[in-house]
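Data first, discussion second: the structure below is written as structure tokens.
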Amino acid sequence: MRKILTGLALTLASAATAWAAPDAAEQAQYDSFVEAAGASNGAARACGASEPDLAEHQANSRKNLLKYAQEYDFSAAGYDAQFEKGQAQGKTMMEDMKRSGVDGCRGVLGSFQNERVMGYADMKNALAEVSDGLPGEQAQ
């Protein structure tokens, strides 16, 4: 009887873990948040942000987004590559804007400076706002 109950408990624990794991769409959304953080960093670099500010932004984004991944059971295995991809996209976007005569640096640098020092709770609230809730919540 004890073996049956132990087996049942292990089976239920495994099922609960599987139910709690994020689905592919939620994982893709997390990955896009990482790329967006990188894009903000790359765009700020193209607009002349200082190296210390860029490093602080990158470290703060990493700290917050890895904590978010841990809290919601997302895989962060590709974090660095996704952030770097975003950096390249942000840089290209700003260069394209400048070539077309649009200077978006003021807005980019304002957002960047805010993100550079943003705490985890504020970041989490911002992500919930842009994604209609936190992972596992029903959209309202």
Side-chain angles (χ1 to χ4, degrees):
M1 181 69 156
R2 185 178 178 121
K3 285 183 179 181
I4 293 171
L5 290 175
T6 301
L8 180 59
L10 289 172
T11 300
L12 290 174
S14 295
T17 301
W19 290 329
D23 64 18
E26 288 177 322
Q27 179 66 49
Q29 187 170 52
Y30 170 77
D31 295 342
S32 74
F33 293 153
V34 174
E35 284 185 30
S40 178
N41 192 276
R45 178 178 298 281
C47 290
S50 72
E51 288 301 322
D53 284 357
L54 290 163
E56 185 178 14
H57 176 273
Q58 187 168 356
N60 192 48
S61 295
R62 179 182 192 80
K63 178 186 69 159
N64 286 339
L65 287 166
L66 291 179
K67 183 175 181 178
Y68 188 83
Q70 184 176 11
E71 182 175 350
Y72 292 103
D73 200 29
F74 291 114
S75 170
Y79 183 92
D80 292 328
Q82 290 163 333
F83 192 89
E84 289 172 14
K85 179 180 176 185
Q87 283 177 311
Q89 291 169 343
K91 181 178 181 269
T92 299
M93 177 188 70
M94 292 312 299
E95 290 169 351
D96 290 347
M97 287 177 70
K98 287 177 183 180
R99 274 194 293 276
S100 70
V102 176
D103 183 8
C105 284
R106 185 180 199 174
V108 163
L109 290 172
S111 295
F112 168 80
Q113 292 298 339
N114 184 48
E115 293 167 14
R116 182 176 63 86
V117 296
M118 184 178 282
Y120 178 70
D122 288 336
M123 183 220 59
K124 188 173 161 179
N125 288 336
L127 296 182
E129 190 174 315
V130 300
S131 61
D132 293 328
L134 294 169
E137 290 182 345
Q138 295 291 332
Q140 295 179 359

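Because only heavy atoms are used, hydrogens play no part in the values below, and waters and symmetry mates are left out as well, while side chains stay in. Since this is a predicted model, take the numbers as computed values, not measurements.
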- [ ] Indicate whether any N or O donor in one side chain lies under 3.5 Å from an N or O acceptor in the other, for E115 and N60.
- [x] no
Open item on the list: Looking only at the side chains, is there a donor atom on one of N41 and Q58 sitting less than 3.5 Å from an acceptor on the other?
Closed with: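 Short answer, no.
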Task: Cluster check V108, V130: I/L/V/M/F/W/Y, side chain < 4.5 angstrom - done: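 Unlinked, V108 and V130 end up in two clusters.
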Open item on the list: Can you confirm whether R106 is buried at CZ, in the sense that more than 12 heavy atoms of other residues, nucleotides or ligands lie under 6.0 Å from that atom?
Closed with: no
TODO: Please say whether more than 12 non-hydrogen atoms of neighbouring residues, nucleotides or ligands are located less than 6.0 Å from NZ in K98.
DONE: yes
Of all heavy-atom pairs between [X] and [Y], which one has the smallest distance, and what is that distance?
{"X": "E26", "Y": "P135", "value": "OE2-CA, 3.5 Å"}
{"X": "S75", "Y": "D31", "value": "O-OD1, 4.2 Å"}
{"X": "A49", "Y": "L54", "value": "O-CD1, 3.6 Å"}
{"X": "G104", "Y": "M94", "value": "C-CE, 3.8 Å"}
{"X": "S131", "Y": "G133", "value": "OG-O, 2.9 Å"}
{"X": "E35", "Y": "Q82", "value": "CG-O, 3.4 Å"}

Are the side chains of [X] and [Y] in touch, meaning some heavy atoms are under 4.5 Å apart?
{"X": "S61", "Y": "F33", "value": "no"}
{"X": "M123", "Y": "L127", "value": "yes"}
{"X": "L65", "Y": "F74", "value": "no"}

Looking at [X] and [Y], would you say the former's side chain and the latter's main chain have a donor-acceptor pair under 3.5 Å?
{"X": "S40", "Y": "A36", "value": "no"}
{"X": "S100", "Y": "M97", "value": "yes"}
{"X": "Y79", "Y": "V34", "value": "no"}

TODO: Quick one: which residue pairs count as a disulfide bond (SG atoms under 2.5 Å apart) with a foot in residues 58-113, not counting sequence neighbours?
DONE: C47-C105
TODO: Run the numbers on H57 and Q113 for side chain to side chain contact (heavy atoms under 4.5 Å, CB included), then give the verdict.
DONE: CA-CA 8 Å; H57 176 273; Q113 292 298 339; over 6 Å; no
Task: side-chain contact (heavy atoms from CB on, under 4.5 Å) partners of K124, counting only residues at least two apart - done: Y68, E71, Y72, Y120, L134
Task: Check against side chain to side chain contact (heavy atoms under 4.5 Å, CB included), E84 and Q87 - done: CA-CA 5 Å; E84 289 172 14; Q87 283 177 311; 3.8 Å; yes
Open item on the list: Suppose we screen for salt bridge (charged side-chain N to carboxylate O under 4.0 Å, His left out). Which residues come up paired with E129, at least two apart in sequence or across chains?
Closed with: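 Checked E129 against salt bridge (charged side-chain N to carboxylate O under 4.0 Å, His left out); zero matches.
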